[in-house]
Amino acid sequence: MLYASLQNSILAFQNHYFKQDSNYITLEHILNIRNVSKIYENAGHKLTVLDQINFSIQTGTTVAITGPSGSGKTTLLGLCAGLDRSSSGTVSLNGIDLDHLTEDERAAVRNRYVGFIFQNFQLLPTLTALENVMVPLELRGERNIKKHALDLLDKVGLADRSGHYPVQLSGGEQQRVSLARAFSNQPAILFADEPTGNLDAETSDKVIKLLFDLNKEAGTTLVIVTHDLDLAAKTNRMIKLKGGVVVADLELNHA
Amino acid sequence: MPELNFNIKRPINYSWLVKMAWRDSRKNRSRLLLFMSSIILGIAALVAVYSFKANLQRDIDEQAKTLTGADLIIQSRRPLSPAVTALLDTLGLHRAKEKNFVSMVYFPKGEGSRLVEVKALTGDYPFYGSIETKPVAAAKTFKKGRRALVDHTLMLQYQAKPGDSIKIGNLSFAIEGSLESVPGQTGITSMVTPVVYIPLEYLEQTGLMQLGSRIQSRYFYQYKDVSGVNSDLKRHQQLLDKEQLSYETVATKKESTSRAFKNLNQFLALSGFIALLLGCIGVGTSIQVYIKEKLGAIATLRCLGLNAKEAFLIYLIQVGVIGLLGAIAGAFLGTVLQFLLPVVLKDFIPVELSMGVSWAAIGQGLATGLVISVLFAMPSLISVRSISPLNAIRASFEEAKPRRDFLKWLVYLLIIAFVYGFTYLQMNNGMQALAFLVGIVLSFLLLIGQAKLLMVILRKMIPQRMAYVWRQGFANLYRPNNQTMLLSVAIGLSTLFIVTLYLVQGVLLNKVAVSGSETKSNMVLFDIQPAQKEPLVKLLKAEHLPVLGQVPIVTMRILEINGKTAAQYEDTTAKEPGNRTPRAFSGEIRATYQADLRPTELLTEGKWTGTTTENGTVFISLEKAYADRIKVKIGDSIVFDVQGLPLKTKVGSFRSVNWNTVQPNFRVAFPTGVLEQAPQFYVFMTNVPAAERSADLQSKVLRQFPNVSIVNLDMIVKTIENLLDKINFVIRFMAGFSMATGWIVLLSSVMSSKGQRLKESVLLRTMGASRKQIMTITGLEYLFLGFIATAAGIILALLGSWALAEFALQSNYAPELLPLLVFLFAIPLLVMLTGLYSSRSVLNQPPLQILRKES
Ligand SMILES: Nc1ncnc2c1ncn2[C@@H]1O[C@H](COP(=O)(O)OP(=O)(O)OP(=O)(O)O)[C@@H](O)[C@H]1O
Ligand SMILES: [Mg+2]
């Protein structure tokens with residue numbers, strides 16, 4: 001803990017001192033988005049999907065990104081998670097400036113700090129449920145992880161399905177496996193794009209409850225993109241996008 | 001919480017990558033099986049051909065001594081000077097001698113006669129290997145009296161047994177045993193002219209030596225080692241050359257035997273190579289589609305933090321392992337296959353084929369298999385590196401500007417270098433290999449261009465009024481994610497290779513076909529002396545047999561070319577390399593004279609003169625190939641030695657001669673009016689309608705004219721056809737094998753393209769499309785594409801095989817059109833059926849099941 005804070009403060013200092021960043025980055029901010037724009041160019045035609053976005057996310061909080069379809073939510077998520085490069089501006093994750101990393105370095109950052117939950121689950125079809133959960137840890141080269149993975153599967157209620165392939169699971173079950181996978185590498189921050197978009201209301205509730213429970217237990221920062229205002233209301237903060245700009249940024253207080 | 005020791009450049013965990021590669025392959029075994037089968041078939045063909053070549057060469061090397069039976073054989077067709085005779089009696093450690101000639105023999109018991117090669121032998125030949133006889137001892141004991149060894153097929157034909165007698169010329173011999181095999185002779189040659197051995201001491205008494213038979217003397221020597229042979233040859237080279245003696249050693253025999261199989265080997269190599277190239281296409285297409293299907297999984301793994309290099313390595317491991325497995329299976333199959341080749345080939349290969357497992361060939365096959373798997377999969381594997389993790393959150397994310405990847409160009413360069421290197425190894429000719437390579441690259445580019453053009457045209461041309469299913473079928477060819485390019489190239493190139501092989505096979509079969517039926521004659525009588533001419537004509541008349549030709553033969557040698565003798569040329573050749581060698585002067589020429597060209601001859605240059613001109617100039621005509629060999633042009637003067645008398649001539653014309661006909665053919669043809677008085681003999685041709693009458697005629701002729709030889713053309717043609725059937729079988733077999741590989745390639749490319757269409761078809765099905773509508777859409781797409789690509793492939797194949805026939809095989813080229821039409825319709829049909837078959841699950845399974853599987 002001490003070491004981690006030390007490292008963060010060093011990185012923050014460097015950002016502040018050498019990059020002349022106007023905003024002072026506090027230790028508590030795991031994600032910092034500064035003047036981020038994304039412009040797609042198609043046959044000479046420019047399309048500004050994100051326009052000068054700014055916000056920071058505090059470590060350990062839960063944030064919902066909402067907005068109408070086409071407003072740029074997925075695009076923003078992709079940038080935050082280091083899946084894509086912004087056209088301008090900086091994205092720094094856990095104090096690491098993603099814009100100056102190579103694709104491989106960003107992959108390493110994802111593996112170390114980031115977890116994902118997708119709308120369409122994206123389990124690897126050739127791997128069993130258990131193997132899917134183990135992949136992020138195995139990628140790190142960790143050993144003796146089977147028990148940890150089985151524990152996670154147990155937490156999502158699928159311990160008895162560990163040997164099954166994704167095609168043998170229902171959508172809700174697949175999403176639960178994907179939750180287990182997302183938490184398996186104990187990520188610092190978890191991104192979820194419409195995690196319940198493909199599920200019915202009842203299953204959604206189950207998955208959301210699991211998501212928040214696991215999150216509380218692990219102390220992970222959670223960023224959820226969603227249409228579902230009920231889901232958004234469960235978070236600490238709601239960022240509203242419209243036409244590629246932030247139109248509202250609300251602190252939500254829960255009892 | 002992050003730890004401080006986090007290292008952004010983490011080390012690669014190879015064992016985990018191997019595990020991942022294994023897991024990842026689990027659900028796609030059938031796809032990988034197609035990939036593997038391309039390798040298996042390609043490598044099998046290659047290993048079969050390589051092993052066969054290696055084994056044949058080894059057998060020739062090992063058995064070369066038993067092919068010659070001696071370390072040195074010196075042979076001559078002329079009487080020898082006393083000096084040479086003395087020399088020949090002193091060479092080597094052990095000596096043996098044989099005189100051989102072709103003659104008729106008569107079986108008194110069976111009342112039959114047959115043309116044979118009589119070998120009169122003295123001494124302990126062969127020094128290596130053996131003359132195999134039944135009973136075994138006969139090979140030695142026949143020399144102890146007036147006894148003969150008779151070829152076993154002959155014994156069978158005339159139902160002769162040991163102890164029976166056989167008449168050669170004026171003399172009867174007791175048959176000591178049947179001759180099973182003679183050093184260096186194949187089953188086929190012994191069928192055309194079977195061998196009869198007699199002791200040399202009785203040759204005089206047969207009376208055949210005086211009557212113009214062409215007698216060859218062979219002197220056999222055994223040495224302590226090869227260096228003895230070489231030093232003796234070196235020491236006596238000049239004398240041997242001067243006396244026009246030719247010689248054969250174990251080394252020269254090895255060489256000539258290997259050369260004899262060059263054509264066959266070359267074709268086998270070509271078909272093996274084509275099978276391999278088809279395999280390469282198979283690898284390329286199947287891996288490309290495989291990777292495309294893996295896109296989602298790769299993107300997800302990238303989200304989870306897999307880096308580009310690791311993703312690349314996972315698939316490289318898969319390709320490498322499957323490639324190696326395929327290569328192993330292919331090497332095994334190839335080794336089994338090559339055991340089949342000798343079964344059909346054994347009759348015309350002089351060595352005993354041992355056909356062991358050739359580890360060198362297997363090693364080569366394994367290495368080649370691994371290299372082509374990795375090399376031809378590499379363009380797709382490299383693209384794995386640039387698959388963006390965004391694909392996991394977007395339906396299908398294609399980067400707007402695909403970044404230029406110089407590695408890709410390096411891979412293309414390597415592929416080109418590989419094809420060139422491999423072609424060069426097959427052809428041993430830099431220019432030809434380059435031409436081949438350019439041909440392939442051009443075909444490749446043309447097919448790509450054709451596919452692009454097709455897409456543009458379809459997009460522009462499809463009328464909106466067209467029925468929906470038709471529009472949909474055609475539109476599938478240009479819509480995003482289409483497989484038009486891949487399938488065009490795969491189908492086009494496979495068709496190109498398959499059809500080229502088919503056409504080249506046709507050229508080769510043409511080249512070796514015999515035409516025995518051009519004239520009506522089926523019986524040829526040789527060595528007829530002038531005095532026997534009239535009585536023989538009378539005999540034929542009495543038998544009511546036609547005399548279809550009387551061809552005179554005069555033997556002669558070349559004395560001078562353009563005023564210089566052999567000795568004078570010998571002085572100058574040293575200074576002018578490439579000039580006429582003294583070889584032109586050696587060797588006896590059998591010439592004829594005639595007023596008109598023969599049916600098997602064609603004037604190619606100059607003017608044919610049928611009679612000697614008034615001022616006495618003799619214009620002769622030479623066979624073109626022979627003239628080239630002795631480097632003579634039209635207008636050159638040649639002086640012949642016609643049995644002691646010099647005869648001045650001028651080269652008036654060149655002819656091409658069809659040697660494939662079993663007919664008297666001549667390199668040198670004289671006009672009438674000069675040779676009529678020269679010592680000569682004749683060849684008669686006649687037609688004997690029934691087989692029994694031919695036996696009857698043979699014995700009648702033989703009784704009256706013991707020196708005349710009779711050849712039954714029907715029998716020879718049958719024997720040669722039999723031989724050709726076997727060669728043709730081998731050619732067809734190997735060609736068929738390559739074509740099978742082509743089919744697998746087609747299959748795999750079509751099968752692998754189904755993934756794209758499957759989802760759509762299911763959606764259409766969900767929306768209520770009928771079975772017939774879906775089949776029409778799918779079938780139309782494949783049929784149309786298959787047809788265009790096949791047509792392009794056939795056109796390219798016509799060009800390619802023409803070039804091969806013209807430049808590499810030097811044969812005339814006349815492709816048949818009907819089989820091409822069959823290809824043109826059969827291949828698209830096959831493509832369509834494969835396409836329909838591979839999407840049958842859409843029609844037979846409930847849509848839900850497929851949607852779940854595909855998502
Ligand atoms: N590769 C691309 N090229 C051009 N435009 C793109 C590309 N990817 C996305 N867009 C555009 O960017 C805009 C934002 O897309 P994005 O997927 O981020 O929206 P979203 O807010 O996630 O919508 P939804 O709620 O429907 O998922 C859209 O208008 C889309 O058309
Ligand atoms: Mg979205």
Side-chain angles (χ1 to χ4, degrees), chain A residues 1 3-8 40-43 59 74-75 77-78 81-84 94-96 101-116 118-128 131-132 135-136 138-141 165-167 171 181-182 185-186 188 191 193 219, chain B residues 1-17 19-29 293-294 296-312 385-395 397 399-401 403 849-855:
Chain A
M1 274 301 271
Y3 283 129
S5 335
L6 200 63
Q7 187 201 24
N8 269 351
Y40 284 112
E41 236 170 299
N42 231 346
T59 307
T74 299
T75 310
L77 190 83
L83 299 180
D84 201 1
N94 211 14
I96 302 166
L101 299 185
T102 65
E103 175 47 47
D104 280 350
E105 287 164 344
R106 277 189 275 144
V109 169
R110 285 199 295 275
N111 182 228
R112 183 60 48 165
Y113 300 124
V114 180
F116 281 100
F118 305 95
Q119 176 172 2
N120 52 358
F121 327 134
Q122 297 287 16
L123 293 180
L124 297 162
T126 54
L127 269 54
T128 61
E131 286 164 349
N132 262 292
V135 164
E138 288 177 322
L139 258 175
R140 277 190 196 175
Y165 288 99
V167 275
R181 179 175 72 183
N185 62 338
Q186 288 151 315
F191 293 100
D193 189 1
Chain B
M1 278 278 115
E3 309 98 73
L4 183 65
N5 63 359
F6 166 52
N7 182 5
I8 250 175
K9 289 196 174 19
R10 76 186 124 86
I12 289 173
N13 180 350
Y14 284 99
S15 66
W16 180 75
L17 289 180
K19 204 198 251 169
M20 233 6 238
W22 161 254
R23 289 172 178 166
D24 183 76
S25 73
R26 270 192 305 224
K27 288 268 160 166
N28 301 72
R29 294 284 150 78
E293 280 180 7
K294 290 285 179 186
I298 296 170
T300 307
L301 279 170
R302 301 276 283 124
C303 278
L304 300 182
L306 191 80
N307 68 34
K309 194 171 172 191
E310 288 165 333
F312 168 78
R385 288 156 57 253
S386 45
I387 289 178
S388 163
L390 275 179
N391 279 300
I393 51 173
R394 296 234 175 264
F397 178 79
E399 228 156 331
K401 279 176 274 169
R403 61 199 169 98
Q849 213 169 327
I850 300 158
L851 279 176
R852 282 175 63 120
K853 246 185 228 164
E854 295 294 318
S855 69

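Quick note on labels: first sequence line is chain A, next is B, and so on, each numbered from 1. Since the structure is predicted, the reported quantities are computational estimates derived from the model, not experimental observations.
- Counting heavy-atom pairs closer than 4.5 Å to chain A, the top-ranked of the candidates Ser25(B), Cys303(B), Ala308(B), Ala392(B) is Cys303(B).
- Of the two parts of Leu127(A), the backbone and the side chain both hold a non-hydrogen atom closer than 4.5 Å to a non-hydrogen atom of chain B.
- Looking at Gln122(A), both its backbone and its side chain come within 4.5 Å of chain B, counting heavy atoms on both sides.
- Checked by atom type and distance alone, the side chain of Asn307(B) pairs as donor or acceptor with a backbone atom of Lys309(B) at under 3.5 Å.
- For the set Leu17(B), Thr300(B), Leu301(B), the entry with the most heavy-atom pairs within less than 4.5 Å of chain A is Thr300(B).
- Side chain of Asn111(A) to main chain of Pro136(A): a donor-acceptor pair is present (N/O by atom type, distance under 3.5 Å, no hydrogens or angles).
- Atom CG of Leu83(A) is separated from atom CG of Leu390(B) by 5.5 Å, given to the nearest 0.5 angstrom.
- Comparing Gln119(A), Arg181(A), Glu138(A) by how many heavy-atom pairs each has under 4.5 Å with chain B, the most go to Glu138(A).
- For chain B, the nearby parts of Val135(A) are the backbone and the side chain; heavy atoms of each come within less than 4.5 Å.
- When heavy atoms are compared at a cutoff of 4.5 Å, Tyr165(A) approaches chain B solely by way of its side chain, counted from C-beta outward.
- Remark: Leu77(A) CG to Phe118(A) CZ distance equals 9.0 Å, nearest 0.5 Å.
- Arg106(A) does not touch chain B: none of its heavy atoms, backbone or side chain, sits under 4.5 Å away.
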